Amino acid sequence: MAQVAQPDYDKPDDSGEVRVKVICLGDSAVGKSKLVERFLMDGYKPQQLSTFALTLFNHKTEIDGQKVSVDFWDTAGQERFNNMHPSYYHQAHACILAFDTTRKITYKNMPNWLKELREYRPEIPCLCAANKIDVDPSVTKKSFNFAKKHNMPFYFVSASDGTNVVKLFRDAIKAAVKYKSNPTDIMDEIMQELENFELETGKDKAGGDTEDKDQAAAADENDKASS
């Protein structure tokens, strides 16, 4: 794996591409790397940053006719609250915050990750992913109010079978590009697009009818379903 220095995403690119950085957060073994790899399949070249043990996956795409070069940053097993290298957050344009639907603790730790993220990047868009739904599909009928509480787009995903992975990452890239061009709150638009997507596919809307249920109770229900 090639070693590279940290890119400067504020520096103009002579190629005309928009360069954005999307970071992945969440407890160890929730499947962050697998989600990135599932999205990119064989079309990526992972690189290890030379200054610290983090992995960068580069991806070329187009958003609304604009060529985009995306770097997905992965923690490479270094996940510890308040101990992520500040460079991990530096210049990030969007974040995918993931948990494992089969492990309650990974959901209960989400507020810790969000708190740390906001200390470094208080305004960037954040998308929430509930991974490993292939283990117990019935979990998609449950409510996870953390995302709704913080106005995050929410996705039931599976790195194993690919469910909603492309949608999650395309929305993350779109949010990153829009944030870089106009760093304001763009979540309303993403949320509306996601709602339309869910209606089209016939999937239950995230959040359900239990808005007032606290996240600990929701996580307990999730844990029972996976046991």
Side-chain angles (χ1 to χ4, degrees), residues 9 19-41 43-44 46 54-59 61 63 68-79 81 84-85 87-101 103 106-107 109-133 144 146-160 162-180 183 185-187 189-191 193-194 197-198 206:
Y9 297 95
R19 301 181 66 205
V20 294
K21 172 181 177 179
V22 177
I23 60 176
C24 300
L25 287 179
D27 283 10
S28 178
V30 298
K32 299 185 297 296
S33 298
K34 295 299 182 183
L35 284 169
V36 177
E37 292 170 7
R38 180 76 191 198
F39 172 66
L40 300 178
M41 300 303 284
Y44 68 93
L54 298 169
T55 305
L56 179 154
F57 300 82
N58 181 258
H59 174 62
T61 187
I63 298 293
V68 180
S69 177
V70 189
D71 285 341
F72 294 108
W73 284 46
D74 179 53
T75 54
Q78 302 299 309
E79 305 91 338
F81 301 131
M84 289 299 299
H85 197 288
S87 293
Y88 190 75
Y89 299 99
H90 182 59
Q91 294 183 332
H93 302 103
C95 173
I96 294 174
L97 187 55
F99 68 96
D100 178 346
T101 59
R103 291 191 293 139
T106 68
Y107 178 70
N109 284 337
M110 296 283 273
N112 297 332
W113 287 113
L114 182 61
K115 179 181 178 182
E116 181 171 309
L117 169 68
R118 293 312 184 199
E119 289 176 358
Y120 293 97
R121 302 295 283 166
E123 301 295 336
I124 67 170
C126 189
L127 298 81
C128 184
N131 191 27
K132 304 188 183 180
I133 63 169
F144 296 93
F146 171 81
K148 189 171 186 178
K149 177 181 178 182
H150 296 284
N151 195 33
M152 293 181 193
F154 182 83
Y155 307 76
F156 284 113
V157 301
S158 170
S160 178
T163 300
N164 285 338
V165 172
V166 171
K167 177 64 176 172
L168 167 65
F169 280 87
R170 291 292 293 178
D171 283 356
I173 296 169
K174 184 186 300 183
V177 170
K178 289 187 176 180
Y179 176 83
K180 183 172 184 178
D185 186 7
I186 63 163
M187 282 296 95
E189 180 178 344
I190 296 290
M191 293 286 276
E193 290 181 1
L194 182 60
F197 171 78
E198 290 171 340

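Note that the coordinates shown come from a computational prediction; the quantities given were computed from them, not determined experimentally.
Of all the heavy atoms in Val165 and Ser158, the pair that sits closest is CG2-O, 3.4 Å. Closest of all the heavy-atom pairs between Met152 and Cys128 is SD-CB, 4.0 Å. Scanning both residues, Asp27 and Trp113, for their nearest heavy atoms gives OD1-NE1, 2.7 Å. Minimum heavy-atom separation, Gly26 to Leu97: N-CD1, 4.2 Å.
If you take CG on Leu25 and CG on Asp74, they are separated by 10.0 Å, rounding to the nearest 0.5 Å. Note that SG of Cys24 and CG of Leu127 are 10.5 Å apart. Values are rounded to the nearest 0.5 Å. In this structure, the separation between CD1 on Ile23 and NZ on Lys32 is 11.5 Å, given to the nearest 0.5 Å. Rounding to the nearest 0.5 angstrom, the gap separating the CG atom in Asp71 from the CG atom in Leu56 is 4.0 Å.
By the side-chain contact (heavy atoms from CB on, under 4.5 Å) test, Arg121 pairs with Tyr89, Ala92, Leu117, Ile124, Tyr179, sequence neighbours left out. Applying the side-chain contact (heavy atoms from CB on, under 4.5 Å) rule to Thr61 yields the partners His59, Val68, Val70, Arg170, Ile173; only residues at least two apart in sequence or on another chain are considered. Every residue two or more places apart in sequence or in another chain that forms a side-chain contact (heavy atoms from CB on, under 4.5 Å) with Ala159 is listed here: Lys34, Leu35, Asn131. By the side-chain contact (heavy atoms from CB on, under 4.5 Å) test, Ala94 is found to be paired with Val22, Pro125, Ala176, residues two or more places apart in sequence or in another chain being considered.
The closest donor-acceptor contact from the side chain of Lys180 to the backbone of Arg19 lies under 3.5 Å. Here the side chain of Lys21 pairs no donor or acceptor atom with the backbone of Trp73 at under 3.5 angstrom. Side chain of Thr106 to main chain of Asp100: a donor-acceptor pair is present (N/O by atom type, distance under 3.5 Å, no hydrogens or angles). Not one N or O on the side chain of Tyr120 forms a donor-acceptor pair closer than 3.5 Å with the backbone of Tyr88.
In this structure the side chain of Pro153 never reaches within 4.5 angstrom of the side chain of Asp171, judged on heavy atoms. Contact of the Phe39 side chain with the Val166 side chain is registered, since non-hydrogen atoms from C-beta on lie closer than 4.5 Å. Between Val30 and Lys132 the shortest side-chain heavy-atom distance does not fall below 4.5 Å. Counting heavy atoms from C-beta on, the side chains of Tyr155 and Thr163 never come closer than 4.5 Å. Two residues are said to be in side-chain contact when any heavy atoms from C-beta on lie closer than 4.5 Å; Arg38 and Val157 fail this criterion.
Using the six-membered ring where Trp is involved, Phe156 and Phe144 have ring planes that are perpendicular, over 60° apart on the 30 and 60° scheme.
Under the 6.0 Å cut-off for aromatic ring centres, Phe99 and Phe146 do not qualify, their centroids lying 6.0 Å or more apart.
Pairs engaging residues 87-98 under the salt bridge (Lys or Arg N to Asp or Glu O under 4.0 Å) rule: none recorded [sequence neighbours left out].
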